[in-house]
Amino acid sequence: MHTLKSIARWTYAPLMLLGLNATAITLVQSGAPKAFLAALLILAIAISFIVERFIPYQEDWNNSKGDTLRDVLHALVNESSIAMSVLFIPLLAALTPFPSIWPESWPLWTQLLFAIFIADAGITLIHWASHHNKFLWRFHAVHHSVTRMYGFNGLMKHPFHQAIELMAGTAPLILAGMPLDIAVLLAFAVAVQLLLQHSNADMQIGAMRRLLALAPVHRFHHLKSSTEGNVNFGLFTTLWDHLLGTARFDADRRFFPGDLGIDGELFYPMSYVGQLIRPFRRGG
């Protein structure tokens, strides 16, 4: 059992990243119905839950704190909004007054990597701004109210902030003429990345921590201290954090229940509706 757990720690992240995205690309190339990708995402979520219980980073983070229903509602609303947004991409592309410069002759997987690179820049910058602008922070604080990290709460975001991130990440791609198939694959890649970025699995990523914004790196971002947690803003990579000077990693640092949340916010709403309303209230 010890050997199996050791193997799982080192193979979980690459198998999820490469295996699931490669499967998604294969499905799209074969012309399979888009519903197959939805089924693949459900499988990814199930694998995430199983692995978090097989090799937990913190046992306690696998236990519900009365937040399970809230997180499910956040995930359903946010994933549905992304799916609906993807459906509008052909219309938006048709309304774009610029000729398409999208590299359609490239292999599908390189087009996806190109889309990830551009989206990562936009989302990282709006994420950084959300920690430095009081108006944006009101909405982004919903995501930081989590007191445990597990894969599913990567999808926990206020819909307004989700929309801002979506615009920041995809506007340049739409203007460039991004095809629908790439938009679908990008949406799938984002969902898998969020599962891995907030995972409670005790994954090992070695030197890849210098490039990939996975859970061992992203946990620093969720520290409740506004100074300690003001780091590691990247969604897919740490590239933009290195350029911003906000990249941080300490292999010896361990995270415990009580380390996460929002400093000074002892009574942040726990319910889904309460979190939707909070940014609009005084002191939100």
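Donor-acceptor pairing under 3.5 Å is recorded for the side chains of D71 and Y150. Donor-acceptor pairing under 3.5 Å is lacking for the side chains of D263 and S225. Checked by atom type, the side-chain pair W61/E52 shows no donor-acceptor distance below 3.5 Å. Side-chain polar atoms of H198 and H143 form a donor-acceptor pair below 3.5 angstrom. For H74 and H158, the side-chain atoms include no donor-acceptor pair closer than 3.5 Å.
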**Request:** I would like to know whether F220 and F255 meet ring-ring contact (aromatic ring centres under 6.0 Å, His included); could you show each step before the answer?
**Result:** CA-CA 8 Å; F220 289 89; F255 300 85; 4.9 Å; yes
**Asked** ring-ring contact (aromatic ring centres under 6.0 Å, His included) between F139 and F280: does it pass, once the steps are laid out?
**Response** CA-CA 9 Å; F139 297 92; F280 301 101; 5.4 Å; yes
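Taken to the nearest 0.5 Å, the CD atom of E165 stands 11.5 Å off from the CG atom of L125. The distance from atom CZ of R219 to atom CG of L214, rounded to the nearest 0.5 Å, is 10.0 Å. Distance check: N63 CG to T68 OG1 gives 9.5 Å after rounding to the nearest 0.5 Å.
The environment of W102 atom CH2 is dense: over 12 non-hydrogen atoms of other residues, nucleotides or ligands sit within 6.0 angstrom. Open room surrounds CE on M167; 12 or fewer heavy atoms of other groups in view lie less than 6.0 Å from it. More than 12 heavy atoms of other residues, nucleotides or ligands lie within 6.0 Å of CZ in R53, so this atom counts as buried by the packing criterion. In E59, the CD atom is not crowded: 12 or fewer heavy atoms of neighbouring residues, nucleotides or ligands sit closer than 6.0 Å.
Classification of D181 and K34 as a salt-bridged pair holds, one side-chain N sitting under 4.0 Å from a carboxylate O. A salt bridge links R148 with D67: the distance from a Lys NZ or Arg NE/NH1/NH2 to an Asp or Glu carboxylate oxygen falls below 4.0 Å.
The closest side-chain heavy-atom distance from R248 to D241 is not below 4.5 Å. Looking at heavy atoms from C-beta onward, L235 lies in side-chain contact with Q197 at the 4.5 angstrom threshold. R70 places none of its side-chain heavy atoms less than 4.5 Å from the side chain of S271.
Aromatic rings from F233 and W240 are positioned such that their centres are separated by 6.0 Å or more.
Follow the hydrophobic side-chain contacts under 4.5 Å out from V190 and you never reach L166; the two are in separate clusters.
For N21 (side chain) and L17 (main-chain N/O), a donor-acceptor pair under 3.5 Å exists by modelled atom type. For T26 (side chain) and A22 (main-chain N/O), a donor-acceptor pair under 3.5 Å exists by modelled atom type.
Taking the ring axis of Y57 as reference, the NZ or CZ atom of R9 does not stay both within 45° of it and closer than 6.0 Å to the ring centre.
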